[in-house]
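The structure displayed is predicted, hence computed values, not measured ones.
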Amino acid sequence: MSLVKLSIKGISYSQTQNGAYALILNEVDGERKLPIVIGAFEAQSIAIALEKEIKPPRPLTHDLFKNFAERFDIVVKQVIIHKLVDGVFYSSLICERDKIEEIIDARTSDAIALALRFNAPIFTYKNILDKAGIYLKSNTADSDPGSQEIDDVLSNPETFGHEEESNQSGDVYAKHSLQELNDLLDQAVSQEDYEKAAKIRDEISKR
């Protein structure tokens with residue numbers, strides 16, 4: 001069964017479902033997207049790993065895992081999303097220590113948060129992408145993703161990370177000066193409100 005390499009396109013937040021996020025994975029050699037519903041904490045952790053400018057004052061859980069693994073010479077080599085059952089994705093961490101490879105079961109959101117921190121590639125099997133992959137055009141799905149919950153998350157998304165389409169997440173900060181924005185960014189990071197920090201950073205980047 002052939003593996004398909006994926007990249008992270010971004011994270012979308014549904015304004016109609018409080019706390020509902022979708023991680024959008026992109027087929028590297030194709031046009032299909034793989035949306036995966038994830039929790040707020042995991043979305044925050046992935047967004048921080050994508051936003052290189054934001055440095056948490058204390059390590060998050062996934063940062064702690066990476067520090068722990070590096071201390072004991074454990075490296076995450078790759079992540080494989082290997083199963084899809086009833087809308088739930090199952091993933092494995094392929095780890096290596098002393099040239100011995102181990103496979104560790106993990107939630108997909110955790111696996112991808114760690115893949116980012118270890119610069120590890122992300123793969124899935126072709127049959128999973130055939131089953132759950134969708135085409136997105138102007139932030140809408142051309143085909144039914146197979147889950148009403150995912151469809152709701154993708155509607156009116158508020159995007160973080162490397163999503164190409166722009167959104168209005170930073171409009172609330174448009175009235176602030178650049179100095180005020182930098183002060184607000186420092187304050188958000190110090191308070192560990194990384195979702196707010198990502199929005200402020202987007203507004204600063206626009207300036």
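A cation-pi contact links Lys66 to Phe118, judged by a cut-off of 6.0 Å to the six-membered ring centre and 45° from its axis.
In this structure, Tyr135 OH and Lys33 NZ are separated by 9.0 Å, a value rounded to the nearest 0.5 Å. To the nearest 0.5 Å, atom CD1 of residue Ile103 and atom OG of residue Ser92 are 6.0 Å apart. Atoms NE2 and CG, on His176 and Leu184 in that order, are 5.5 Å from each other to the nearest 0.5 Å. Atoms CG and OG, on Leu114 and Ser45 in that order, are 7.5 Å from each other to the nearest 0.5 Å. Here the CZ atom belonging to Phe65 is positioned 7.0 Å from the CD1 atom belonging to Ile74, to the nearest 0.5 angstrom. Of the inter-residue distances, the one linking Ile8 atom CD1 with Leu23 atom CG reads 5.5 Å to the nearest 0.5 angstrom.
Counting only heavy atoms from C-beta outward, the side chains of Lys5 and Leu25 never approach each other to under 4.5 Å. In this structure, the side chains of Leu129 and Glu27 come closer than 4.5 Å at one or more pairs of heavy atoms. Under the 4.5 Å side-chain criterion, counting only non-hydrogen atoms from C-beta, Val76 is not in contact with Ile94. Looking at heavy atoms from C-beta onward, Ile122 lies out of side-chain contact with Gln78 at the 4.5 angstrom threshold.
Sequence neighbours left out, the pairs with a member in residues 26-57 that pass ring pair (Phe, Tyr, Trp, His ring centres under 6.0 Å) are Phe41-His62.
Under a 3.5 Å cut-off, the side chain of Asn119 and the backbone N or O of Ala115 do not form any donor-acceptor pair. With hydrogens and angles ignored, the 3.5 Å screen pairs a side-chain donor or acceptor of Thr124 with a backbone N or O of Ile81. Between the side chain of Glu101 and the backbone N or O of Glu96, no donor-acceptor pair lies under 3.5 Å. Looking only at distances, no side-chain donor or acceptor of Arg107 sits under 3.5 Å from a matching main-chain atom of Tyr90.
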Checklist entry - Between Arg32 and Ile134, is a side chain to side chain contact (heavy atoms under 4.5 Å, CB included) present by the stated rule, with each step listed? => result CA-CA 5 Å; Arg32 287 176 295 182; Ile134 64 173; over 6 Å; no
Next on the checklist: Under the criterion side chain to side chain contact (heavy atoms under 4.5 Å, CB included), I'd like the reasoning laid out for Leu185 against Asp183: C-alpha separation, chi angles, the key distance, then a yes or no.
Outcome noted: CA-CA 5 Å; Leu185 178 60; Asp183 292 341; over 6 Å; no
Checklist entry - Going through the checks in order, is the side chain to side chain contact (heavy atoms under 4.5 Å, CB included) test met by Lys131 and Leu84? => result CA-CA 9 Å; Lys131 182 179 180 180; Leu84 173 60; 4.0 Å; yes
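Smallest separation of non-hydrogen atoms from Ser109 and Ile46: O-CD1, 3.9 Å. His82 approaches Ile128 most closely through the heavy-atom pair C-CD1, 3.4 Å. Between Pro35 and Ile24, the closest heavy-atom pair is CB-CD1, 3.9 Å. Looking at every heavy atom in both residues, Phe123 comes nearest to Leu6 through C-CD1, 4.4 Å. In terms of heavy-atom proximity, Leu34 sits nearest to Gly133 at CD1-N, 4.0 Å. Counting all heavy atoms, side chain and backbone alike, Lys77 lies closest to Pro121 at O-CD, 3.2 Å.
Between Lys175 and Glu180, no side-chain nitrogen of the basic residue sits less than 4.0 Å from a carboxylate oxygen of the acidic one, so the salt-bridge criterion is not met. The pair Arg58-Asp63 does not meet the salt-bridge criterion, since no charged nitrogen lies less than 4.0 angstrom from a carboxylate oxygen.
For the side chain to side chain donor-acceptor pair (under 3.5 Å) test, residues two or more places apart in sequence or in another chain that qualify with Ser91 are Thr108.
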